[in-house]
There are 2 protein chains.
Amino acid sequence: MNPLDRSKPTTGCPAHDAAPTPAEPAVTSAPRRKRDAAATRSALLAAATLRFAQDGYDHTSVRDIAADVGVNQALVYRYFGSKDALFEEVAAHSAGIASFLSAPLDAVADRMLRHLFQNERRPDGSALLAMLQSASHDETRQRLRELIRQDFTDTFATRLAGPEPELRAELLAAWLIGIGFLRSVVGTPALCSATAEQADRCVRRVTAALLYDHD
Amino acid sequence: MNPLDRSKPTTGCPAHDAAPTPAEPAVTSAPRRKRDAAATRSALLAAATLRFAQDGYDHTSVRDIAADVGVNQALVYRYFGSKDALFEEVAAHSAGIASFLSAPLDAVADRMLRHLFQNERRPDGSALLAMLQSASHDETRQRLRELIRQDFTDTFATRLAGPEPELRAELLAAWLIGIGFLRSVVGTPALCSATAEQADRCVRRVTAALLYDHD
DNA sequence: CGGATAAGTAATCCACCGTTGACTTCATCC
DNA sequence: GGATGAAGTCAACGGTGGATTACTTATCCG
C-alpha cells in the first residue's frame, strides 16, 4: 500500500543489514518469556532504539516495537506513557556521542575516527541515528540543537585558539553528522566501504585545519 | 493532539521564518483566482517544495499543500497522480545542487561558500532540504545516494590527485550536507548567524585539506 | 491452597490522511 | 445563448496508527 516502505534494501550498503520489518518471527518456538516488568521494559526500549534508528520516528509504529519484543502494544503505554515519551527516553541515551571531544586536542581526530568507523552499533550511536532520521520533529531538532550547542559551541569551542572558535566547532559537528548520515542512513559507496585506516590521513588533515589556526 | 507538530519555532534560528502551519488565511478576501491549470499546478509544486523542505514528507499532508494554494486537495491527484509522484517531482529539482563542483579546483571552495551561505532559498536548495528531512523514506535515500554518487564519487573524484579520491570526495559531500542540515534544519547558533566572510577562511582551509594531498 | 496484585492481552475508539469518483462551475466556441 | 469540456469542489471510503479501557493470567506470599 504505502509506496514508501523499505522493501528493497538491496542496494549494497554494508551498514544496513538487520532484517528490516519481519518483526522477529521467533522461530524454534517462543519459550514464553517469564513475566518480568523490568526486562520487558528494557527490551521495549532496545527494540524502539533500533527501530527509530533504522526507520525513523514516523515509520515506526508502537505496534512494530511491541511485536519485536513479542508483547502487546498496550505495554508501551503502561511503561512509557506515550510513543513520544518512549522516543524521548531513546534520545536521552544520545549523551556521550561527542565524548571524544574531551580528549586532548591532538587526539581528537583519532578518537573521532574510532567513533565513526569502528563501533557503529553502540546504543548512543543508534540514538543519534534515530534523531537524524526523525529530524522532521521539532522536539528532535531542539534536542539536537542543544546537544551540539552544549558539547561543541559552548564547551569545545573554548579550547580552540584563533578566530571564530564557535563556528569552527560547529563546522566539525557538521562534518561528523554528515559523515554519520551518509554512512549509516544514505549509504554512500566510498564512505560505506571505507576503513578507519583509509580515512585516517584525511580526517587528521581536515580536523587539523579546523582545530588549529596556524597559517 | 500530535505532540510533534511545529508549535514553537521561536528558538531563534534565522533560517526558520515562514509561518509553519496556519495555511495561508488569505485575508483581504481571496480574489478568486482565475482558472488556470498550469498556474495552479506550478503553485502546488511550489507549495509542496516549501512544505516538504520545512516539515518533511511525512509531516506534510496533501490537504496542507492544497490549502496553501487555496484549492481542493483532489487537484493534487489530478495534476500529479499521487503524493509520492508530487514528491518525486519536487526532488527532481534537486539537480544542480552540486553545480559548484564543475568549477576549477581552486575555485570550488569559493563557489561552495556562496552556495551555502548566500542564496539559501533557491528551489534546488529547498529540494535538497526536502530530501534530507524525508530521509526515512527508502526512495529518498536512494535518490540522495545516486545524487552523491554521480556528482561526487564518480565525477568529482576523478579530478582529485592523491590517495582515496572517492572517499575524499564523499567526505566533502558529507561536510556540505552536514552544514546544510545544521544550518537549515537543526538551526545551530554559530552556523545560523555566520556570514560567508566569517566562514571563508575556514572553508578554504578545510577544502584545501580535502582536495589537495600535498604534505 | 487461594486470594491479591502486577504483567500482559483483546478489543475498541478516534483522528488523520491518501485516494477516488461523482458532482458543480466557469470559460470558450459555434 | 447554449452545448462542451476542462477546472475545480464535495463527500466519502478504507486503512493506519496512537491511545484507552476492561478484561485475563501468571506469580508471589501468607
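We name chains A, B, ... by the order of the sequence lines, and we start the count at 1 in each one.
- In this structure, CG of A/Asp36 is placed 10 Å from P of D/dC28, rounded to the nearest angstrom.
- The nearest whole Å value for the distance from the NE2 atom in B/His59 to the P atom in C/dC16 is 14 Å.
- As rounded to whole Å, 17 Å separates atom P of C/dC16 from atom CG of B/Asp58.
- Taking the side-chain hydrogen bond (donor to acceptor under 3.5 Å, both in side chains) definition, one finds that B/Ser82 meets it with nothing, sequence neighbours left out.
- Residue B/Thr40 places no side-chain N or O under 4.0 Å from the OP1 or OP2 atom of D/dA7.
- For the pair B/Phe80 CZ and D/dG8 P, the computed distance is 12 Å after rounding to whole Å.
- Rounded to whole angstrom, the span from the CZ atom of B/Phe87 across to the P atom of C/dG18 amounts to 13 Å.
- Here C/dC17 presents its C1' atom at 14 Å from CZ of B/Arg51, a figure rounded to the nearest Å.
- The distance between atom CG of B/Asp55 and atom C1' of C/dC17, rounded to the nearest whole Å, is 15 Å.
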Evaluate the side chain to side chain contact (heavy atoms under 4.5 Å, CB included) criterion for residues B/Leu176 and B/Met112: first the C-alpha distance (whole Å), next the side-chain angles of each, then the deciding distance (0.1 Å), finally the verdict. CA-CA 8 Å; B/Leu176 199 80; B/Met112 179 173 135; 3.5 Å; yes
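- Here D/dT27 is the nucleotide among D/dT27, D/dA7, D/dG18 with the atom lying nearest to any side-chain atom of A/Arg35.
- A search for side-chain contact (heavy atoms from CB on, under 4.5 Å) contacts involving A/Gln150 returns A/Glu146, not counting sequence neighbours.
- Listed by chain and number, the residues in a side-chain hydrogen bond (donor to acceptor under 3.5 Å, both in side chains) with A/Arg143 are A/Glu88 (sequence neighbours excluded).
- With sequence neighbours excluded, no residue satisfies side-chain hydrogen bond (donor to acceptor under 3.5 Å, both in side chains) with B/Asn72.
- Cation-pi geometry between A/Lys83 and A/Tyr57 is satisfied (NZ or CZ under 6.0 Å from the ring centre, within 45° of the ring normal).
- Distance, B/Tyr57 OH to C/dC16 P: 19 Å, rounded to whole Å.
- Applying the salt bridge (Lys or Arg N to Asp or Glu O under 4.0 Å) test to residues at least two apart or on different chains, none of the pairs has a partner in residues 127-136 of chain A.
- Residue B/Tyr79 is classed as a sugar-phosphate contact, given heavy-atom separations below 4.0 Å to backbone atoms only.
- When the side-chain nitrogen and oxygen atoms of B/Tyr77 are compared with OP1 and OP2 of C/dT19, one or more of them lie within a distance under 4.0 Å.
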Below 3.5 Å between N/O atoms, which protein atoms pair up with nucleotides 9-11 of chain D? Just atom names and distances, please.
from  : atom 1 : to      : atom 2 : distance (Å)
D/dT9 : OP2    : B/Asn72 : N      : 2.6

